[in-house]
Amino acid sequence: MPSTDKHTDPVQAFIARARTQWRSANEAEKDNRSDGYDDLRFLNLQQWPDRIVQLRSQPGRERPCLTIDQIGEPFRQLTNKQRESRPAIHINPEDGDANEATAEILQGLIRAIEYDSDAQIAYATAFEGAVGIGWGYARLQQMYDGDGPDQNLVISMIENPFAVYLDPGTMQWDRRDMRFAFVVQDIPKEQYKSLYGESAVAKAGASLTDFSGLGDEAQDWFPEGAVRVAEYYYLHDTKVILGEVEGETFEEKDVPKGVTLENRREIIRPEVCWAKINGIEILDGNEKKDAGRRIPGKTIPIRPCFGQVLNVNGKRVYRGIVRAAKHAQQQY
């Protein structure tokens, strides 16, 4: 295994930062996740409190626990309307270099990506999450086209909204300013070994005793019988010097020697990076396997779909249609 000194080992420093960011996202979303999980169980017709179910199941005192669902119908009415409307990305020419012909070409390319991706399923899944528990997600991915070198852009659904952890410090309504994000998956140990046989975790049999350095975080990354693997998106900032030459803007590195760069200014240009980690090591990333690899784009390619968003004492609260209907449904 790599050195455990996170101050000298770049891999451990990278993993330590990722764990810190994941912990901050998990802590910020803890209450929403708890309430959302309860809403999802309710939508799944698990509407009787466990305590009452136990009382009504006692031998000799059995009583029925009928569920006359009054929430499923309005839920389906909303989600079916969304499916009928078939939302799609639309291109509008806005700046001086744009025109209708270019916009139409781009619109055709995006329409093809949406069609090939079955994007309507991704949109509908995100909307269903928003209606039911208050949030859902879709994302943009690059995927290889068969065995060849070509890659395609794919709009992918995220079936489980609880698998996504976003930067809690975002301010934009669509979270486009997020600095990091995680999409996690719990993989059974045997399947993990077949997928990542060279991983230190696979070689050690995913035993917690071999990774005591994780301390209290071990249960987060090694749930019973499984290993948690996370796709880790983050922004890497690069300082760039810009300036003007005869009224046109150039980067300093692109200006030929002897040419004076006027109106110089420094900007921070974010680069989007991606890595796959398991909490103690990098499974996929750059060539050195000490960080993530650069992916195209200016923002992290995950977008949420929210239901009702409330800011309660500085904390975001997400709600779907289930939350306010639960008490009335239970009384019914």
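FYI, the numbering just counts along the sequence from 1.
- In this pair, Tyr234 and Phe14 present their aromatic rings perpendicular. The plane angle is above 60°, beyond the 30 to 60° band.
- Between Phe182 and Phe180, the ring planes lie perpendicular to each other; the angle is over 60°, past the 30° to 60° tilted range.
- The existence of a salt bridge linking Glu73 and Arg76 is confirmed by a sub-4.0 Å separation between a basic side-chain nitrogen and an acidic carboxylate oxygen.
- Looking at every heavy atom in both residues, Val11 comes nearest to Lys289 through CG2-O, 3.4 Å.
- Between Arg228 and Asp186, at least one side-chain N (NZ, or NE/NH1/NH2) sits under 4.0 Å from a carboxylate O, which counts as a salt bridge.
- Ion pairing of Asp31 with Lys315 is present here, as a side-chain N (NZ or NE/NH1/NH2) and a carboxylate O approach within less than 4.0 Å.
- Of all non-hydrogen atoms in Pro149 and Tyr144, the two that sit nearest each other are O-CE2, 3.6 Å.
- Distance CG/Leu283 to CD1/Ile277: 8.5 Å, rounded to 0.5 Å.
- Few gaps surround CD on Gln58; more than 12 heavy atoms of other groups in view lie less than 6.0 Å from it.
- Side chain to side chain, Thr299 and Arg303 meet the donor-acceptor criterion of an N or O pair below 3.5 Å.
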Item to complete: Begin with the C-alpha distance, continue with both residues' side-chain angles, and end with the deciding distance and a verdict on side-chain contact (heavy atoms from CB on, under 4.5 Å) for Val317 and Val309.
Response: CA-CA 6 Å; Val317 176; Val309 183; over 6 Å; no
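- Between Trp48 and Phe42, the gap from one ring centroid to the other reaches at least 6.0 Å.
- Between Asp35 and Arg319 there is no salt bridge, since none of the side-chain N atoms of the basic residue sits less than 4.0 Å from a carboxylate O of the acidic one.
- Nearest heavy atoms, Ile280 versus Asn278: N-OD1, 3.0 Å.
- Residues Arg176 and Asp174 are paired through a salt bridge, judged by an N-O separation under 4.0 Å between the basic side chain and the carboxylate.
- With salt bridges taken as basic N to acidic carboxylate O contacts below 4.0 Å, none links Glu198 and Lys193.
- Residues Ser199 and Glu281 bring a donor and an acceptor atom of their side chains to less than 3.5 Å of each other.
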Run the salt bridge (charged side-chain N to carboxylate O under 4.0 Å, His left out) test on Arg265 and Glu252 for me, step by step, so that the C-alpha distance in whole Å, both residues' side-chain angles and the decisive distance to 0.1 Å come before the verdict.
CA-CA 10 Å; Arg265 65 187 186 278; Glu252 185 178 48; over 6 Å; no
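- Of the N and O atoms on the side chains of Asn80 and Arg83, at least one donor lies less than 3.5 Å from an acceptor on the other residue.
- Side chain of Glu266 to backbone of Leu242: no donor-acceptor contact under 3.5 angstrom is found.
- At least one side-chain heavy atom of Tyr233 sits under 4.5 Å from a side-chain heavy atom of Arg139.
- Scanning both residues, Asp69 and Gln329, for their nearest heavy atoms gives CA-NE2, 3.8 Å.
- Residues Asp177 and Gln172 have side chains that never bring a donor and an acceptor to within less than 3.5 angstrom of each other.
- Heavy atoms of other residues, nucleotides or ligands lying less than 6.0 angstrom from CZ of Arg86 number 12 at most.
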Working for salt bridge (charged side-chain N to carboxylate O under 4.0 Å, His left out), residues Glu27 and Lys30
CA-CA 5 Å; Glu27 183 64 27; Lys30 182 170 59 177; 3.1 Å; yes
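- How far CD1 of Ile52 is from OG of Ser57: 11.5 Å, rounded to the nearest 0.5 Å.
- For the residue pair Ser156 and Gln141, a side-chain donor N or O sits within less than 3.5 Å of a side-chain acceptor on the partner.
- Between the SG atom of Cys273 and the CG atom of Leu235 there is a distance of 8.0 Å, given to the nearest 0.5 Å.
- Looking only at distances, no side-chain donor or acceptor of Arg61 sits under 3.5 Å from a matching main-chain atom of Leu55.
- Residues Asp38 and Arg33 are not paired through a salt bridge, judged by the lack of any N-O separation under 4.0 Å between the basic side chain and the carboxylate.
- In Glu159, the CD atom is not crowded: 12 or fewer heavy atoms of neighbouring residues, nucleotides or ligands sit closer than 6.0 Å.
- The CD1 atom of Ile241 lies 5.5 Å from the CZ atom of Arg264; values are rounded to the nearest 0.5 Å.
- Asp39 and Val322 make their closest contact through O-CG1, 3.8 Å (heavy atoms, listed as atom of the first residue, atom of the second, distance).
- The ring-ring contact (aromatic ring centres under 6.0 Å, His included) check on Tyr165 picks up Trp22, with sequence neighbours excluded.
- Under the 3.5 Å distance criterion, with hydrogens and angles disregarded, no donor-acceptor pair is assigned to the side chains of Gln82 and Tyr123.
- Distance CZ/Arg56 to CZ/Arg51: 11.0 Å, rounded to 0.5 Å.
- Shown here for Leu166 and Ala25, the closest heavy-atom pair between the two residues is O-CB, 3.4 Å.
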Using the salt bridge (charged side-chain N to carboxylate O under 4.0 Å, His left out) rule, take Asp116 and Arg111 through it: C-alpha gap first, then chi angles, then the decisive distance, then the call. CA-CA 9 Å; Asp116 293 339; Arg111 191 179 298 117; over 6 Å; no
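- The backbone N or O of Arg175 lies less than 3.5 Å from no partner atom in the side chain of Thr170, so there is not a single donor-acceptor pair.
- For the pair Asp284 (side chain) and Ala275 (backbone), a donor-acceptor distance under 3.5 Å is absent.
- Gln330 places a side-chain N or O within 3.5 Å of a backbone atom of Gln47 that can act as its donor or acceptor partner.
- Interatomic distance, Ile282 CD1 to Lys288 NZ, rounded to the nearest 0.5 Å: 12.0 Å.
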